[in-house]
There are 2 protein chains.
Amino acid sequence: MPRRRNPPAAKAAPANQAGKGSAAERAFLAGYDAARFPRPSVAVDVALLTVDERRLRVLLTQRTEHPFLGHWGLLGGFVGFDESIDAAAARTLKAKGGHSGVFLEQLYTFGAPGRDPRTRVISVAHYALVHPETLAQPAPQGQALRWADVQVSWAGERGGPAAALIDGSPQPLAFDHAEMLGLVVQRLRGKLNYAPIGFELLPRDFTLFDLQQVHEAILGRALNKDSFRRRMLASGLLAATGRKETAVGHRPAELYRFKRNTRTAGR
Amino acid sequence: MPRRRNPPAAKAAPANQAGKGSAAERAFLAGYDAARFPRPSVAVDVALLTVDERRLRVLLTQRTEHPFLGHWGLLGGFVGFDESIDAAAARTLKAKGGHSGVFLEQLYTFGAPGRDPRTRVISVAHYALVHPETLAQPAPQGQALRWADVQVSWAGERGGPAAALIDGSPQPLAFDHAEMLGLVVQRLRGKLNYAPIGFELLPRDFTLFDLQQVHEAILGRALNKDSFRRRMLASGLLAATGRKETAVGHRPAELYRFKRNTRTAGR
DNA sequence: ATAGCATATATCCTAAATGCATATAAGTCA
DNA sequence: TGACTTATATGCATTTAGGATATATGCTAT
């Protein structure tokens, strides 16, 4: 295993506290050669998810270049030299998927040397959540996009790769995107227990049953209705709007809204 | 045998199905110029933790180079071009901290453009856990190492930076290591609820009270003894050894051992 | 207009988990 | 041997989740 020591550096970037104190340090930084060692490329991948018709779905793009030409994969892009990882993920989501201003969070960094046949690419995987009413967004030009059904072959939070189905048939995903997708589901299932994350997958106003269906789609199992209801109402995160759904062919349910400003307060 | 638990089994996918099939694709790969764009450096940082005398502690190293010369920080190193991130973290932990074969897991990737004044460095933060009996390990040559007390100013799992105290006084940490350390504590507190992680901080045989003290040190609050005891025994993860602690000046407690092979089974 | 329908909401009951108190056990130490 | 300290066992009250049943409400068909 090649042990490299402190590589590189050339420009002094905006610094951080005592980062550039003494003259000695300034001199060191000025003489730092950033190009001495070969470096991996750094990319981001974004799994944009939604729940539609009780199914968990992910937005895939069809690759127009090698490698994996023609395969479907997550939305990906490279991190610019002066760009934060968060910004790169948001930019990629906007440029490749046409969505912005949505919930977006870092997941895990994938860096197996052979994961990209071109060269060494380390990818920081992210996931994003939108509600299905935004599904109709037009695709950014030049992007072939499809919403695929997410299917996992494991139960609970055990983990493993996930499959993406288009028109019912599983697609071989590019790179290690099946692993990423599986990890997204695993993370979401865990997070559902303590974080108000279901709301990101619903429009502003929703019924308790809508919320339950989102949870069920993510967890992959049915939930007890009464218990779910009680838990949600007791959480203090829901505000009743006083309005009810209409034209549903049965007793209409109350519409709720997520209290955004509630401090989650450590447990 | 390093008992590492890494979530995604993202093994090298040299030939992920159609990854490098056609002649066209081979031609494309051959012509790919890996050095066309300036790239960030990729590093790893490892927070090696233990619980000793009921205190959560982290192993720090004193920097011998700019930037942050003389400051204390986590164990860090650069990722080799052909080296996986996991391997880089393990190598760094061994070379800079003198520990190997311990629990080591990826945490989060930090990539703010200004976080390293030398140049753009993206760092994949990790945390590792050892039990205090291994504390006496000699430091690798040339490394100034100290165990510091970890102190957080927030409660529960709210999150925020953490302080590291040497001889009772807080040390200004290099780079964004205070943020990393805080995130480690936050992650550990969350993980304690569902993962058998406390065992990594204990020797093979331990009492229930030992385990409770580990949990309390991580959570930063006292736990109900009976309840903790019941929960742990009910978890099915503990095997009674039939032996008891000795020379403790009171009734000796039973020694338990962690059942490593128990499948955690999704909830 | 009204009866039937489907689903929302309320109420009650049971099981399980937790916190707390008390009693007993098993070592050490004077 | 007895005092002391902490481990372990047992009982009980409180809380919380799961499940069943009963009632409410708006829609639809007649």
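Proteins get letters first, then strands, A, B, ... in listed order; numbering begins at 1 in each. Hydrogens, waters and symmetry mates are skipped; everything else that's a heavy atom, side chains included, is used. In this text, all values refer to a predicted model and were calculated from it rather than measured experimentally.
For A:Arg231, counting side-chain heavy atoms from C-beta on, the closest listed nucleotide (D:dA17, D:dA7, D:dG19) is D:dA17. The side chain of A:Lys244 lies closest to D:dG26 when the candidates are D:dG26, C:dG19, C:dA8. Checking C:dC20, D:dT8, C:dT9 against the side-chain heavy atoms of B:Ala253 singles out D:dT8 as nearest. Side-chain atoms of A:Arg229 lie closest to C:dT9 of the nucleotides D:dA7, C:dG27, C:dT9. Relative to the side chain of B:Ser227, the nucleotides C:dA8, C:dT18, D:dA7 differ in distance, and C:dT18 lies closest. The side chain of A:Asp226 lies closest to D:dA20 when the candidates are C:dG19, D:dA20, C:dC12.
Remark: B:Asp45 CG to B:Leu107 CG distance equals 10.5 Å, nearest 0.5 Å. Rounding to the nearest 0.5 Å places CG of A:Leu129 at 8.5 Å from OG1 of A:Thr50.
Nearest-nucleotide assignment on DNA chain D puts the 5′-proximal partner with B:Leu255, out of B:Leu255 and A:Thr246. Judged by closest nucleotide on DNA chain D, B:Arg230 is the one of A:Phe228 and B:Arg230 placed further toward the 5' end.
Between B:Glu245 atom CD and D:dA7 atom C1' the separation is 9 Å, expressed in whole Å. The distance between atom CD of A:Gln212 and atom P of C:dT9, rounded to the nearest whole Å, is 12 Å. What separates NZ of B:Lys225 from P of C:dA17 is a distance of 22 Å, to the nearest Å. The distance between atom CZ of B:Arg251 and atom P of C:dA23, rounded to the nearest whole Å, is 17 Å. Atom P of nucleotide D:dA7 and atom OH of B:Tyr256 are separated by 12 Å, given to the nearest angstrom. The interatomic distance linking A:His250 (NE2) with D:dT28 (P) rounds to 10 Å, in whole Å. Taking atom CD on B:Gln213 and atom P on D:dA7, their separation rounds to 9 Å, with Å as the unit. The distance from atom CG of A:Leu211 to atom P of C:dA8 is 13 Å, rounded to the nearest whole Å.
Listed for the B:Trp154 side chain is no donor-acceptor partner under 3.5 Å among the backbone atoms of B:Ala162.
With respect to the salt-bridge test (charged N to carboxylate O, under 4.0 angstrom), the residues B:Glu105 and B:Lys191 qualify.
You'll find the ring centres of B:Phe103 and B:Phe199 outside the 6.0 Å limit.
Regarding contacts with the backbone of C:dT18, every side-chain N or O of B:Asn224 stays at 4.0 angstrom or more from both OP1 and OP2.
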